[in-house]
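In what follows, every chain begins at residue 1, and chains take the letters A, B, ... in the order their sequences are listed.
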Number of protein chains: 2
Amino acid sequence: MAKQMKTMDGNTAAAHVAYAFTDVAAIYPITPSSPMAELVDSWSANGRKNIFDQEVKLTEMQSEGGASGAVHGSLAAGALTTTFTASQGLLLMLPNMYKIAGEQLPGVFHVSARTVATHALSIFGDHSDVMAARPTGTAMLASGSVQEVMDLAGVAHLASIKSSIPFVHFFDGFRTSHEYQKIEVLDYDDLEKLVDYGKVSEFRHRALNPERPKTMGTAQNPDIFFQAREACNSFYDAIPDIVEEYMQDISELTGREYHPFNYVGAEDAKYIIVAMGSATDTIEETVKYLVNQGEKVGLIKVRLYRPFSEKYFMKALPETAEKIAVLDRTKEPGAVGEPLYEDVRSLFYDHEKRPVIVGGRYGLSSKDTTPTHFKAVFDNLREDEPKNNFTIAINDDVTHTNLEPKEHINTSPEGTVRCKFWGLGSDGTVGANKNAIKIIGDKTDKYAQAYFSYDSKKSGGVTVSHLRFGDQPIKSTYLIDEAEYVACHNESYVDKFDMVEDLKDGGSFVLNCTWSQDELDNNIPAKMKKYIADHDINFYTINAVDIAQDVGLGQRINMVMQTAFFKVADIIPVDEAVEYLKEAIQKSYGHKGDKIVEMNNKAVDKALDALVKIDVPAEWSSAEAAEEEEEEDVPEFVKNVLEVVNAQKGDQLPVSTFVGREDGHFPPGLSKYEKRGIAINVPNWLSDKCIQCNQCSLACPHAVIRPFLLDEEEAANAPEGFKTLGLKVSS
Amino acid sequence: MAKQMKTMDGNTAAAHVAYAFTDVAAIYPITPSSPMAELVDSWSANGRKNIFDQEVKLTEMQSEGGASGAVHGSLAAGALTTTFTASQGLLLMLPNMYKIAGEQLPGVFHVSARTVATHALSIFGDHSDVMAARPTGTAMLASGSVQEVMDLAGVAHLASIKSSIPFVHFFDGFRTSHEYQKIEVLDYDDLEKLVDYGKVSEFRHRALNPERPKTMGTAQNPDIFFQAREACNSFYDAIPDIVEEYMQDISELTGREYHPFNYVGAEDAKYIIVAMGSATDTIEETVKYLVNQGEKVGLIKVRLYRPFSEKYFMKALPETAEKIAVLDRTKEPGAVGEPLYEDVRSLFYDHEKRPVIVGGRYGLSSKDTTPTHFKAVFDNLREDEPKNNFTIAINDDVTHTNLEPKEHINTSPEGTVRCKFWGLGSDGTVGANKNAIKIIGDKTDKYAQAYFSYDSKKSGGVTVSHLRFGDQPIKSTYLIDEAEYVACHNESYVDKFDMVEDLKDGGSFVLNCTWSQDELDNNIPAKMKKYIADHDINFYTINAVDIAQDVGLGQRINMVMQTAFFKVADIIPVDEAVEYLKEAIQKSYGHKGDKIVEMNNKAVDKALDALVKIDVPAEWSSAEAAEEEEEEDVPEFVKNVLEVVNAQKGDQLPVSTFVGREDGHFPPGLSKYEKRGIAINVPNWLSDKCIQCNQCSLACPHAVIRPFLLDEEEAANAPEGFKTLGLKVSS
């Protein structure tokens with residue numbers, strides 16, 4: 001690996017390339033695109049130079065409406081201009097996008113594609129936002145992984161300059177924008193050589209400039225508007241070849257092959273999936289697995305979505321194709337079908353040889369979709385009458401759209417190590433895991449991937465980290481459901497979540513808890529015991545809380561748990577790991593002073609000795625759950641929805657759960673049913689110190705603390721142990 | 001005609017029905033939708049009651065973003081809420097439309113469909129705005145004429161209430177929104193009976209209300225969002241039947257047949273056009289004309305565009321259909337095809353019997369499209385390999401998309417009287433013509449249509465009024481190019497525009513001018529003389545300017561010219577017409593006092609006698625144009641574009657005119673090449689009255705008046721007749 005490899009997320013990859021080609025960035029931050037703008041801002045502030053040897057001038061506007069207006073104005077003034085957005089942010093940019101495309105200005109919109117809010121808001125990923133931009137006349141380029149973001153972001157900028165048409169470059173929100181991967185980083189010196197400087201200067205010369213006055217933004221009437229509008233046709237006709245050309249340049253540079261449509265699969269495939277975005281990696285993994293089993297399946301990855309080039313599509317498609325499933329990551333209620341599906345059907349309509357073409361929806365709002373689901377799509381194609389307008393990865397027991405998987409498959413390549421960490425939002429688990437994969441990614445030849453599945457509660461919610469390590473690039477863009485290593489960073493989780501069930505036989509489970517081996521018997525549930533015993537799980541505990549408090553780190557247990565991971569998972573020799581960890585500590589905390597560095601180093605050292613390997617008693621195998629206590633009298637919604645969601649089993653809820661609440665409404669007052677029990681220390685009212693400021697009632701997010709003024713009768717009738725205090729009256 | 005017939009435009013028809021069903025209207029005005037909101041506002045202010053016996057509460061917000069937010073909020077609070085918008089206004093509403101549809105709130109958006117600005121802004125009509133709303137999940141209903149707006153606007157409200165899904169009800173900007181037609185007006189008492197009051201009360205009960213608390217606007221995560229989103233499917237599945245049912249109710253009420261898709265044409269048609277909006281009337285006229293000639297052609301009018309119902313489409317389509325042309329009034333550069341085309345191709349993809357399906361664009365930005373052009377579409381279908389992705393009504397000499405008409409056809413039904421008026425924006429011509437068609441429409445059994453073709457300069461520009469009268473409903477939704485009557489209200493136009501050329505043989509031409517019969521010879525161009533002589537034109541002059549000034553109306557010549565029209569066109573007996581005119585004068589000006597009424601009445605009386613029938617000299621037939629003077633040295637753009645456009649011949653400019661200016665830029669400083677000569681009186685600088693305030697320079701829109709301070713040398717070198725004045729220095 002002579003190339004420069006680095007571990008980063010998709011947003012960083014996009015920002016890295018965008019920075020190179022950008023004079024001006026006009027932005028307004030929105031999840032999950034914000035880090036792109038933030039990185040560009042901080043690089044600019046630190047004097048980093050773009051390929052024109054200048055810092056990017058970044059301006060934050062009052063909304064995405066303003067940002068897109070600034071993009072338009074800045075382009076009209078001759079500055080290569082870029083923005084970053086998603087979801088409703090992109091919607092607010094639409095009016096300006098029509099103008100920017102109409103005026104043939106080479107702006108680039110990097111979009112971390114995110115669900116547009118409908119019955120509910122969602123910060124997660126699908127293509128409903130970019131699909132709303134498809135009528136605007138921008139070109140649209142899709143990347144499916146962090147590496148592709150790095151490779152194709154530049155194609156968007158280069159082709160935009162060359163074609164004079166703005167580009168939307170998009171990749172899946174969270175799955176790609178926030179996934180960490182070890183990737184090859186492109187060098188500005190290489191990118192610079194690909195720029196058509198003639199076109200850049202032509203563009204700058206076209207700018208509004210009092211030295212060369214011209215009128216822009218005219219109003220046209222019915223007599224000439226239509227003709228003037230048709231004058232752009234040849235510009236769009238030229239784009240696919242321009243993109244193909246730049247893709248060849250990038251392929252040459254990187255050894256990775258790119259075309260407007262890429263094919264992977266059997267040369268003589270009969271069954272083809274067409275898709276775009278991060279799913280293409282998972283489908284590729286599935287296709288390879290199935291082809292290895294002799295199946296004639298394949299995948300067309302859509303990269304250049306607009307202009308949609310029939311020429312390159314047909315080039316990519318094997319002649320043997322008989323049936324095609326087109327997968328859309330969006331839903332347009334009332335349409336004949338989803339957009340990509342309609343495109344492909346329309347494309348083939350008058351072909352002599354017309355494959356069967358069906359369409360399906362998947363992955364709305366980052367719904368996890370695995371090889372098992374994509375295999376179901378191929379299985380559907382094999383039917384005599386394949387189901388059309390289907391869904392996957394959900395159970396639609398109302399309108400029965402979903403395909404039922406016939407078989408659960410595991411397509412991870414041999415040698416992949418999969419690790420899953422159950423942390424509490426803001427306990428440092430995510431940061432520690434990012435650190436761990438950077439160490440393994442950057443210090444070894446191994447490829448690494450990390451995805452963090454956040455609860456929308458963020459701070460204080462459950463955060464599950466999914467880490468994979470392997471010798472080949474990792475294409476598994478789905479959550480881990482079979483792991484070699486699982487760690488639980490919070491002992492209260494043992495009663496709430498199924499965690500060990502994800503472990504392979506012989507895998508390792510590390511539990512942070514204060515319990516001794518004996519106490520474990522009383523504290524971990526029968527189900528967990530049985531699984532550990534039956535599946536030969538290596539079970540470790542560590543009291544990370546005590547160590548952290550001992551060394552002065554308070555509640556920050558992340559360094560302890562990270563050390564435990566390196567020791568147990570054994571991906572690199574533990575001595576080396578400790579060395580890298582301490583290097584990283586120096587780098588992260590050095591500027592905060594020796595004391596902090598020292599505390600963290602101590603935590604590492606103590607953690608190495610504090611791991612306790614549990615001798616799993618044989619009788620755990622026959623552990624049986626105690627009779628379930630009679631369920632409390634809780635509302636139907638709490639029992640059937642809230643508790644399922646809080647147990648991290650929301651994926652299993654069928655569509656019928658939402659019948660009667662199709663409009664997205666939920667009952668109010670649900671927080672009282674949450675008993676999270678996550679606190680390490682529980683607050684206690686010290687009546688002798690209370691000054692009756694009553695600010696405690698404002699500080700409690702669950703409105704549990706309520707000061708009451710009692711009269712004497714109420715005080716007399718209060719239950720035993722009910723503490724009161726004389727009223728302080730200010731004079 | 002026992003029914004209530006009235007002459008009104010499409011905006012008024014939409015507002016009339018919208019008012020009935022609306023509790024709250026949240027609006028922000030944008031051309032061409034503004035009159036709908038203005039009417040609702042003024043009706044509400046005047047105490048008009050909706051079907052719930054209340055006034056509509058109307059609120060104007062700060063933008064369409066705010067208006068759509070208010071629509072959302074008001075619906076969430078349980079008020080039936082309506083808005084009116086177009087173009088960029090609709091784009092700003094998109095984020096809220098996704099929410100309103102997702103939350104299943106029965107709001108209605110009446111849209112006077114207008115071009116979205118691209119290389120240039122345009123206030124005129126096409127479907128680029130409503131097509132941008134097609135992913136939002138609203139239902140979409142299209143009306144093609146003023147009568148259909150009246151008939152179907154209610155279906156939008158009624159079906160929205162019944163289905164709980166918001167509706168976009170759209171009709172073509174200007175062509176329908178501003179076209180006057182004599183139509184049947186629906187009665188609130190009839191509409192009221194169609195309301196599903198159970199659904200209204202269910203909706204009001206669903207509202208956010210502290211008495212029945214619930215949580216709206218939740219944030220959902222990947223676990224449940226997809227399932228919850230699929231829960232809406234059955235609501236969309238139900239809409240086509242709901243719409244069909246209400247259409248049947250309306251059909252029963254009116255005798256006009258409506259379905260989600262309406263078919264007109266030969267029962268055994270082979271060649272079918274699919275289209276929506278105002279073009280459907282012109283196509284219907286074309287189809288009837290061709291069917292009368294024995295041709296097997298037909299038209300499917302798309303009314304319910306979303307949800308797109310295969311069931312009703314197939315019901316409408318004749319089984320004999322072999323080839324289909326789908327016409328889209330929008331352009332989506334880079335798409336496989338335009339949206340309606342893709343829908344229909346996708347629909348038929350796996351049908352056993354698959355017709356040939358091609359697609360074409362037409363009518364962008366109100367481009368006038370006539371039966372001749374639609375016949376070209378049928379001619380294209382007859383080809384062995386019909387051209388696909390075509391355009392009509394333009395000459396695309398660059399990418400050669402357009403169909404070439406083989407034959408010019410005139411499909412106006414027998415007995416239609418067509419009248420064309422060349423007026424000066426703000427000279428009162430349009431108002432007078434509106435008055436004239438109301439008189440004829442409301443006082444006789446005749447149907448009437450008026451369309452006003454405005455210059456974007458509006459005040460001071462050319463405005464051509466197109467009026468039709470006939471015994472059957474008028475379906476000619478295109479400009480008049482063959483007329484029985486042409487009037488020119490400004491004598492300076494004779495040199496600039498081809499006006500008499502539109503007249504049929506034996507038609508009448510009325511010219512407002514100050515010229516005597518003899519002077520005509522010197523003042524009207526040879527071309528005009530020749531046409532008048534060769535085609536047996538009845539030629540009248542009238543000195544409307546003198547009459548108007550005589551009676552004290554100043555420059556307002558409209559009453560004079562209107563009287564001349566009634567006398568010459570002879571659509572109703574002139575005595576009756578005069579009576580109605582004077583009634584109308586009393587009605588319009590009565591509140592301004594007797595003097596104004598008297599002046600207008602006098603203008604009418606004088607006009608009757610002032611018409612001069614010109615004896616057309618035989619030698620006019622051999623009139624020849626004098627040698628054209630050598631063209632001044634004007635820039636290429638002025639000669640090839642500006643002058644053509646100003647001569648009202650912009651429709652003839654081919655696409656190649658815009659090569660090199662595909663981005664929409666125009667050269668600056670063009671107004672100096674306009675010599676409009678429209679002023680009746682020309683201002684004159686009275687140096688003895690000048691106080692040197694210099695405000696004249698601000699008042700002149702063409703920046704012609706510029707005060708200069710001369711030094712003595714400059715004054716000495718000034719050309720003869722150059723007037724100067726000593727500088728006034730304030731002390």
Student: For chain B, find which of A/P213, A/G334, A/A393, A/A231 contributes the most heavy-atom pairs closer than 4.5 angstrom.
Tutor: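 Of the candidates given, the most pairs with chain B belong to A/G334.
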Student: Scan side-chain atoms only and decide if B/Q104 and A/H665 contain a donor-acceptor pair under the 3.5 Å cut-off.
Tutor: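 There is no such pair between these side chains.
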Student: If you compare all heavy atoms of A/G650 against all heavy atoms of B/Q227, which two are closest, and at what distance to 0.1 Å?
Tutor: O-NE2, 3.3 Å
Student: Report the residues that fulfil salt bridge (charged side-chain N to carboxylate O under 4.0 Å, His left out) with B/R175, sequence neighbours left out, ordered by chain and then residue number.
Tutor: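 By the salt bridge (charged side-chain N to carboxylate O under 4.0 Å, His left out) rule, B/R175 matches B/E179.
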Student: Judged by modelled atom types alone, do A/Y341 and A/R345 share a side-chain donor-acceptor pair under 3.5 Å?
Tutor: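 Per modelled atom types, A/Y341 and A/R345 side chains form a pair under 3.5 Å.
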Student: Report the C-alpha distance between A/F167 and A/M140 in whole Å, list the side-chain angles of each, state the deciding distance to 0.1 Å, and finish with yes or no for side chain to side chain contact (heavy atoms under 4.5 Å, CB included).
Tutor: CA-CA 6 Å; A/F167 268 63; A/M140 301 179 89; over 6 Å; no
Student: Highest number of heavy-atom pairs under 4.5 Å with chain B: which of A/E332, A/E338, A/Q652, A/E310?
Tutor: A/E332
Student: Let me know if B/R661 has heavy atoms under 4.5 Å from chain A in its side chain, its backbone, both or neither.
Tutor: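 For B/R661, neither part sits under 4.5 Å from chain A.
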Student: Under 4.5 Å from any heavy atom of chain A, what part of B/Y98 do you find: side chain, backbone, both or neither?
Tutor: both
Student: Sort B/T401 into side chain, backbone, both or neither according to what part of it lies under 4.5 angstrom from a heavy atom of chain A.
Tutor: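 The side chain, not the backbone.
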Student: Going by atom types alone, do B/T115 and B/D126 pair a side-chain donor with an acceptor below 3.5 Å?
Tutor: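 B/D126 and B/T115 do have a side-chain donor-acceptor pair below 3.5 Å.
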Student: Which heavy atom in B/S366 sits nearest to a heavy atom in B/F124, and how many Å separate them?
Tutor: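 Here B/S366 and B/F124 meet closest at OG-CB, 3.4 Å.
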Student: Does A/Y305 form a side chain to side chain contact (heavy atoms under 4.5 Å, CB included) with A/L340? I'd like the steps, not just the answer.
Tutor: CA-CA 9 Å; A/Y305 177 57; A/L340 184 57; 3.7 Å; yes
Student: Among A/I357, A/L364, A/L208, which has the most heavy-atom pairs under 4.5 Å with chain B?
Tutor: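 Ranked by heavy-atom pairs under 4.5 Å with chain B, first place is A/L364.
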Student: Identify the two heavy atoms, one from B/L91 and one from A/L94, that lie closest to each other, and give their separation to 0.1 Å.
Tutor: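 Between these two residues, the closest heavy atoms are CD1-C, 4.4 Å.
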Student: Considering only heavy atoms and a distance below 4.5 Å, find which of B/S164, B/S87, B/P307, B/P240 pairs most often with chain A.
Tutor: B/P307
Student: Work out which heavy atom in A/V358 is nearest to a heavy atom in A/F390; give both atom names and the distance.
Tutor: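 In this case the closest contact between A/V358 and A/F390 is CG2-CE2, 3.9 Å.
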Student: Is it the backbone or the side chain of A/P135 that comes under 4.5 Å from a heavy atom of chain B, or both, or neither?
Tutor: both
Student: Under the criterion side chain to side chain contact (heavy atoms under 4.5 Å, CB included), I'd like the reasoning laid out for B/L670 against B/F637: C-alpha separation, chi angles, the key distance, then a yes or no.
Tutor: CA-CA 9 Å; B/L670 296 177; B/F637 185 86; 3.6 Å; yes
Student: Quick one: which residues of residues 653-660 of chain A reach chain B at under 4.5 angstrom, heavy atoms only?
Tutor: A/L653, A/P654, A/V655, A/F658
Student: Might you point out which heavy atoms bring B/L92 and B/E64 nearest each other, and give the distance in Å?
Tutor: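 Where B/L92 meets B/E64 most closely, the heavy atoms are CD1-OE1, 3.7 Å.
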Student: Given the options B/C232, B/A132, B/A335, which has more heavy-atom pairs under 4.5 Å with chain A than any of the others?
Tutor: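 Of B/C232, B/A132, B/A335, B/A335 has the most heavy-atom pairs under 4.5 Å with chain A.
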Student: Please report the shortest heavy-atom distance between B/Y236 and B/A101, naming the atom on each side.
Tutor: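 Shortest heavy-atom separation between B/Y236 and B/A101 comes out as OH-CB, 3.9 Å.
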Student: Chain A: which of B/E342, B/K214, B/R306, B/Q88 shares the most heavy-atom pairs with it under 4.5 Å?
Tutor: B/E342
Student: When only pairs under 4.5 Å are counted, which of A/A228, A/G664, A/P95, A/S122 shares the most heavy-atom pairs with chain B?
Tutor: A/A228
Student: If you count heavy-atom pairs within less than 4.5 Å of chain A, which of B/T391, B/V641, B/V398, B/N395 leads?
Tutor: B/T391
Student: Heavy-atom pairs under 4.5 Å with chain B are the metric here; pick the option from A/M216, A/R361, A/M131, A/R134 that has the most.
Tutor: A/R361
Student: At a heavy-atom distance under 4.5 Å, which candidate from A/V644, A/N402, A/D396, A/V645 has the highest pair count against chain B?
Tutor: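 Of the candidates given, the most pairs with chain B belong to A/V645.
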Student: Using non-hydrogen atoms and a 4.5 Å limit, figure out which bit of B/D350 sits close to chain A: side chain, backbone, both or neither.
Tutor: both
Student: What do you reckon, are the aromatic ring centroids of A/Y349 and B/F348 less than 6.0 Å apart?
Tutor: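 Centroid distance A/Y349-B/F348: not below 6.0 Å, so no.
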Student: Is it the side chain or the backbone of B/T399 that comes within 4.5 Å of chain A heavy atoms, both, or neither?
Tutor: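 Looking at B/T399, just its side chain touches chain A.
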